[in-house]
Amino acid sequence: MESTRVDRWLWAVRLTKTRPDAAAACRGGHVRVNDKPAKPATTVSPGDQVRARVGDRTRVVEVVRVIQKRVGAADAATCFIDHTPAPPPEAAIPVARRERGAGRPTKRERRVLDRFRAGR
């Protein structure tokens with residue numbers, strides 16, 4: 001087997017939960033094969049680069065092996081090389097949070113928050 005549909009491959013290697021999700025991502029313009037927009041029926045073969053926005057992350061993978069049936073996670077990981085860049089580090093600035101259900105801050109708590117935000 002030398003090539004397969006991109007929606008089937010995304011589902012088989014477990015980048016999307018269901019095949020209809022993979023097809024919807026393709027139709028929505030969230031999948032690119034070799035930097036070209038991909039329809040669900042676009043074929044992928046070994047050596048192709050697939051860029052797919054899954055959830056809130058953009059995954060960049062290189063196709064190593066083409067499969068059509070969903071396999072276990074360990075086998076699926078051998079079918080692609082992940083070139084996804086590392087996510088940016090989260091802000092280290094502390095954010096003032098109140099306990100859920102604690103109501104509005106009192107006058108004293110507002111003064112403390114104001115001092116905290118001003119940096120004093």
Side-chain angles (χ1 to χ4, degrees):
M1 181 180 333
E2 298 176 10
S3 65
T4 188
R5 294 170 55 110
V6 70
D7 64 338
R8 177 178 272 185
W9 187 81
L10 287 171
W11 167 74
V13 297
R14 297 174 175 261
L15 290 180
T16 59
K17 286 188 178 233
T18 64
R19 188 166 170 201
D21 285 346
C26 292
R27 284 192 301 274
H30 303 298
V31 178
R32 297 177 75 81
V33 176
N34 296 328
D35 289 329
K36 295 178 185 166
K39 292 182 179 180
T42 302
T43 58
V44 292
S45 54
D48 286 347
Q49 182 186 39
V50 177
R51 181 181 302 265
R53 191 164 75 206
V54 180
D56 58 345
R57 289 184 50 190
T58 299
R59 302 283 305 266
V60 181
V61 296
E62 179 183 344
V63 180
V64 174
R65 194 175 75 186
V66 175
I67 58 174
Q68 291 189 359
K69 301 239 181 202
R70 195 166 171 100
V71 294
D75 291 336
T78 64
C79 295
F80 63 89
I81 300 172
D82 198 355
H83 296 293
T84 304
E90 294 194 22
I93 301 171
V95 178
R97 299 269 183 212
R98 290 185 55 78
E99 292 294 322
R100 185 170 176 85
R104 293 180 55 165
T106 63
K107 191 171 187 177
R108 181 174 185 266
E109 289 172 334
R110 279 199 319 268
R111 288 181 185 142
V112 171
L113 285 171
D114 290 341
R115 269 189 259 121
F116 175 75
R117 289 181 184 139
R120 291 190 235 163

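Predicted, not measured: the structure shown is a model, and the values here were computed from it. All residue numbers in this chain count up from 1 along the given sequence. No hydrogens, no waters, no symmetry mates; every other heavy atom, side chains included, goes into these values.
- Evaluation of the side chain to side chain donor-acceptor pair (under 3.5 Å) rule for Arg51 yields no partner, not counting sequence neighbours.
- Taking the side chain as every heavy atom from C-beta outward, Pro105 and Arg110 approach each other to under 4.5 Å.
- Take Glu62 and apply the side chain to side chain donor-acceptor pair (under 3.5 Å) test, not counting sequence neighbours, and it matches His83.
- With sequence neighbours excluded, the residues that form a side chain to side chain donor-acceptor pair (under 3.5 Å) with Asp21 are Thr18.
- Contact check for Pro46 versus Val66: side-chain heavy atoms found under the 4.5 Å cut-off.
- For residues 24-35, every residue pair satisfying the side-chain hydrogen bond (donor to acceptor under 3.5 Å, both in side chains) rule, not counting sequence neighbours, is listed here: His30-Arg53, Asn34-Asp48.
- Here Asp7 contributes atom CG and Cys26 contributes atom SG; the two are 5.5 Å apart, rounded to the nearest 0.5 Å.
- Partners of Thr43 under the side chain to side chain donor-acceptor pair (under 3.5 Å) rule, at least two apart in sequence or in another chain, do not exist in this structure.
- Taken to the nearest 0.5 Å, the CZ atom of Arg104 stands 12.0 Å off from the CD atom of Glu109.
- Take Ala38 and apply the side chain to side chain contact (heavy atoms under 4.5 Å, CB included) test, not counting sequence neighbours, and it matches Val6, Val31, Val33, Thr42.
- By the 4.5 Å heavy-atom criterion applied to side chains, Arg57 and Val54 are not counted as neighbours.
- Qualifying side chain to side chain contact (heavy atoms under 4.5 Å, CB included) partners for Ala102, counting only residues two or more places apart in sequence or in other chains: Arg98, Glu99.
- In terms of modelled atom types and a separation under 3.5 Å, the side chain of Ser3 and the main chain of Val44 share no donor-acceptor contact.
- A search for side chain to side chain contact (heavy atoms under 4.5 Å, CB included) contacts involving Val64 returns Ile81, not counting sequence neighbours.
- In this structure Val61 satisfies the side chain to side chain contact (heavy atoms under 4.5 Å, CB included) test together with Trp9, Leu15, Val50, Phe80, Asp82, sequence neighbours excluded.
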